[in-house]
K.L.:
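Can you keep this structure in mind? I'll have questions shortly.
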Amino acid sequence: MLAAGIGSRLERGPNPPPKVMLGFAGKSLLQRHVEILRHLGVDELVVVTGYRAEAIHRGIHEAGADGYVRTIHNPDFVRGTLLSLWTARKELMSGADIIYMDADVLYDHRLMAALLESAHGNCLLMDRNDAPGEDPVKICIRDGAIVDFHKTPREQHDHWGEWPGFLRMTPDCARRVVTAMSHHVDSGRLDEMVEEAFRDIVLSASPTDGFGVEDITGLPWVEIDFPDDLVRARREVLPALARLDPSRARTG
């Protein structure tokens, strides 16, 4: 999970806490992530910190997640998200199945369940509700296959959906992401968004190790980048979230 950025587009004044510490109904985003991932049987959460890392460490303790969450610090957090994931490249090379997550998403647990339960080892989530502007990352489909993955798609496509910022990877795919990132790093492109490396992998995958898509249209979620996103998160998304059912919790 990438949680290193400053979140300056939220316009919260001087020295705000990291976005992952935003509170919703008495719980931080971090605590909500931990509760959902534990409920669904995910073994461990590794968080890449940067800006005000001490606030995240405190949040981990307050969430009772000291033995569940590990952190990796990116001192160059003012640069692109690709560099943050590059900081965690050893985790991607660990040989484990990986879920990549953006930290600044308020979401229904059924969204994460769709990713974990997918038959696709490598999987993207897609919401077909149209999102305005160039900021959303778009998954573009033509003839049933992914043909582009970008904020500003370049390929012709039949339809597209917004990517919520979560990605499931097999160990082999995770290693290929590290290789893709290394090409950007070696070329000095340290300010790029991590989606550039993901795009390299998604579009170069063979039919046998390619990416599937799970449609989560209709489930409540929002990525919190701008003040309007925060308003929507509190007024629309939070009241629509389904409660976790303790009787259906899984073990890692």
K.L.:
Could you list the donor-acceptor pairs under 3.5 angstrom formed between side-chain atoms of residues 11-21 and any protein atom two or more places apart in sequence or on another chain?
P.N.:
residue, atom, partner, partner atom, Å
R12, NH1, P17, O, 2.9
R12, NH2, I6, O, 3.4
R12, NH2, P17, O, 2.9
K19, NZ, D104, OD2, 2.6
K19, NZ, I224, O, 2.9
K19, NZ, D225, OD1, 3.1

K.L.:
Answer yes if L106 and L37 sit in the same cluster of Ile, Leu, Val, Met, Phe, Trp and Tyr residues linked by side chain heavy atoms under 4.5 Å apart, and no otherwise.
P.N.:
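Result: yes, single cluster for both.
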K.L.:
Taking 4.0 angstrom as the limit, do D172 and R176 come out as a salt bridge?
P.N.:
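Salt bridge: yes.
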K.L.:
Does this structure show an ion pair linking R79 with E192, if we count only N-O contacts that are shorter than 4.0 Å?
P.N.:
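Salt bridge absent between R79 and E192.
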K.L.:
For E162 and V137, what are the C-alpha separation, side-chain angles and deciding distance, and is it a side-chain contact (heavy atoms from CB on, under 4.5 Å)?
P.N.:
CA-CA 6 Å; E162 183 176 359; V137 176; over 6 Å; no
K.L.:
Is it the case that more than 12 heavy atoms not belonging to Q156 sit under 6.0 Å from its CD atom?
P.N.:
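Not more than 12 within 6.0 Å, no.
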K.L.:
Go through it in stages, so that I can follow the logic: the residues are L115 and E214, the test is side-chain contact (heavy atoms from CB on, under 4.5 Å), and I'd like the CA-CA distance, side-chain angles, deciding distance and then a yes or no.
P.N.:
CA-CA 7 Å; L115 190 62; E214 294 294 340; 5.7 Å; no
K.L.:
Membership question, hydrophobic clusters at under 4.5 Å side-chain separation (ILVMFWY): are I72 and I98 in the same one?
P.N.:
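No, I98 does not connect to I72 through the hydrophobic network.
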K.L.:
Please list all pairs meeting ring pair (Phe, Tyr, Trp, His ring centres under 6.0 Å) that have one or both residues in residues 40-70, counting only residues at least two apart or in different chains.
P.N.:
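Qualifying pairs: none.
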K.L.:
Over all heavy atoms of both residues, which pair between C173 and F211 is shortest? Give the atoms and the distance, please.
P.N.:
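The answer is SG-CZ, 3.4 Å.
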K.L.:
Could you grab the distance from atom CD1 of I36 to atom CG of L45, nearest 0.5 Å is fine?
P.N.:
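Result: 11.5 Å between the selected atoms.
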K.L.:
Please determine whether the number of non-hydrogen atoms from other residues, nucleotides or ligands lying under 6.0 Å from atom CZ of R154 exceeds 12.
P.N.:
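Counting neighbours around CZ of R154, more than 12 heavy atoms of other residues, nucleotides or ligands fall under 6.0 Å, so yes.
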K.L.:
A cation-pi test, strictly: NZ or CZ of R9 under 6.0 Å from the centre of the six-membered ring of F226 and no more than 45 degrees from its axis. Yes or no?
P.N.:
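Positive - R9 is close enough to the ring of F226 and near enough to its axis.
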K.L.:
Rounded to the nearest 0.5 Å, what separates atom CD in E196 from atom CG in D191?
P.N.:
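So the gap between those two atoms works out to 12.5 Å.
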K.L.:
Can you check side-chain contact (heavy atoms from CB on, under 4.5 Å) on L230 and R234, steps first, answer last?
P.N.:
CA-CA 6 Å; L230 189 54; R234 289 179 170 148; 3.7 Å; yes
K.L.:
Is E91 paired with R89 through a side-chain N to carboxylate O contact shorter than 4.0 Å?
P.N.:
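No salt bridge links R89 with E91.
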K.L.:
What do the steps show when you test D148 against R199 for salt bridge (charged side-chain N to carboxylate O under 4.0 Å, His left out), and what is the final call?
P.N.:
CA-CA 7 Å; D148 214 339; R199 183 179 190 271; 2.7 Å; yes
K.L.:
Hey, does the side chain of T49 reach the backbone of T71 with a donor-acceptor pair shorter than 3.5 angstrom?
P.N.:
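Side chain of T49 to backbone of T71: no pair is present.
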K.L.:
Does any N or O in the side chain of T81 come within less than 3.5 Å of the main-chain N or O of S84, such that one atom is a donor and the other an acceptor?
P.N.:
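Here the side-chain-to-backbone pair does not exist.
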K.L.:
Before we go on, tell me: are the rings of Y107 and H33 under 6.0 Å apart, centre to centre?
P.N.:
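Ring centroids of Y107 and H33 are less than 6.0 Å from each other.
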K.L.:
With a 4.5 Å heavy-atom cut-off, do V34 and V69 have their side chains touching?
P.N.:
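Yes, their side chains come closer than 4.5 Å.
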K.L.:
If every non-hydrogen atom of S118 is compared with every non-hydrogen atom of C123, which pair is closest and at what distance?
P.N.:
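In terms of heavy atoms, the two residues are closest at OG-SG, 3.6 Å.
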K.L.:
Please determine if R168 forms a cation-pi arrangement with Y100, meaning its NZ or CZ atom is less than 6.0 Å from the six-membered ring centre and no more than 45° off the ring axis.
P.N.:
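Verdict for Y100: no cation-pi partner in R168.
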K.L.:
Looking at L83, is its backbone amide N or carbonyl O close enough to the side chain of T87 to form a donor-acceptor pair, meaning the two atoms are under 3.5 Å apart?
P.N.:
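Judged by distance alone, yes, a pair lies under 3.5 Å.
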K.L.:
Looking at every non-hydrogen atom in both residues, tell me the closest pair between D108 and A242 and how far apart they are.
P.N.:
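For D108 and A242, the tightest heavy-atom pair comes out as OD2-N, 2.8 Å.
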K.L.:
May I have the step-by-step check of side-chain contact (heavy atoms from CB on, under 4.5 Å) for D143 and D158, ending in yes or no?
P.N.:
CA-CA 7 Å; D143 297 330; D158 300 327; 3.9 Å; yes
K.L.:
Linking I/L/V/M/F/W/Y whenever any side-chain heavy atoms sit under 4.5 Å apart, do V42 and M112 land together?
P.N.:
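Shared cluster, yes.
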K.L.:
Using 0.5 Å steps for rounding, measure from the CE atom of M193 to the CG atom of L2.
P.N.:
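Taking CE in M193 and CG in L2, the distance rounds to 9.0 Å.
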K.L.:
Could you state whether I60 and L22 fall into the same hydrophobic cluster, counting links through intermediate Ile, Leu, Val, Met, Phe, Trp or Tyr residues with side-chain heavy atoms under 4.5 angstrom apart?
P.N.:
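Yes, I60 connects to L22 through the hydrophobic network.
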K.L.:
Would you name the heavy atoms of L82 and V185 that are closest together and state the gap between them?
P.N.:
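Heavy-atom minimum between the residues: CD2-CG2, 3.9 Å.
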K.L.:
Quick check: is L167 connected to L125 through a chain of hydrophobic side chains (ILVMFWY, heavy atoms under 4.5 Å apart)?
P.N.:
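In one cluster with L125: L167, no.
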K.L.:
Look only at the side chain of N74 and the backbone of A4, and say whether a donor-acceptor pair between them is shorter than 3.5 Å.
P.N.:
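No.
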K.L.:
With a 3.5 Å distance limit and no angle check, can you tell me whether S187 reaches the backbone of H183 through a side-chain donor-acceptor pair?
P.N.:
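At least one qualifying donor-acceptor pair exists.
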K.L.:
Quick one: does P171's side chain get under 4.5 Å of R175's, heavy atoms only?
P.N.:
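Side chain of P171 against side chain of R175, heavy atoms only: contact under 4.5 Å found.
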K.L.:
So do I141 and H157 actually touch side chain to side chain, heavy atoms under 4.5 Å?
P.N.:
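No, side chains not in contact.
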K.L.:
What's the separation between atom CH2 in W221 and atom CG in N129, rounded to the nearest 0.5 Å?
P.N.:
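Answer rounded to 0.5 Å: 9.5 Å.
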K.L.:
Output yes when a side-chain donor or acceptor of H150 lies under 3.5 Å from a complementary backbone atom of T152, and no otherwise.
P.N.:
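It does hold such a pair.
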K.L.:
Does this structure show an ion pair linking E44 with R70, if we count only N-O contacts that are shorter than 4.0 Å?
P.N.:
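The answer is yes: the pair qualifies as a salt bridge.
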K.L.:
Atom CD1 in I56, atom CD in E62: separation rounded to 0.5 Å?
P.N.:
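Atom-to-atom, I56:CD1 and E62:CD are 12.5 Å apart.
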K.L.:
Is a side-chain N or O of N122 found less than 3.5 angstrom from the main chain of G212, in a donor-acceptor match?
P.N.:
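Not a single qualifying donor-acceptor pair exists.
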K.L.:
Supply the atom-to-atom distance T179 OG1 to I201 CD1, rounded to the nearest 0.5 angstrom.
P.N.:
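Reported to 0.5 Å precision, the distance equals 7.0 Å.
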K.L.:
Is it true that a side-chain atom of W163 and a backbone atom of F166 form a donor plus acceptor pair closer than 3.5 Å?
P.N.:
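Side chain of W163 to backbone of F166, a donor-acceptor pair under 3.5 Å: yes, one is there.
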K.L.:
Are the side chains of F149 and D200 in contact, using a 4.5 Å heavy-atom criterion?
P.N.:
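No - every pair of side-chain heavy atoms lies 4.5 Å or more apart.
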K.L.:
Do side-chain atoms of K27 reach the backbone of R32 as a donor and acceptor pair under 3.5 angstrom?
P.N.:
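No; zero donor-acceptor contacts below 3.5 Å.
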K.L.:
Is it true that a side-chain atom of T217 and a backbone atom of R128 form a donor plus acceptor pair closer than 3.5 Å?
P.N.:
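Indeed, once roles are kept as given, a pair shorter than 3.5 Å links the two residues.
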K.L.:
State, to 0.1 Å, how close A233 and F24 come at their nearest heavy-atom pair, and which atoms those are.
P.N.:
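Result for this residue pair: CB-CE2, 3.6 Å.
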K.L.:
Check P164 against V105 and note the closest heavy-atom contact, atom names and distance.
P.N.:
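Answer, listing the atom of P164 first, then V105: O-CG2, 3.6 Å.
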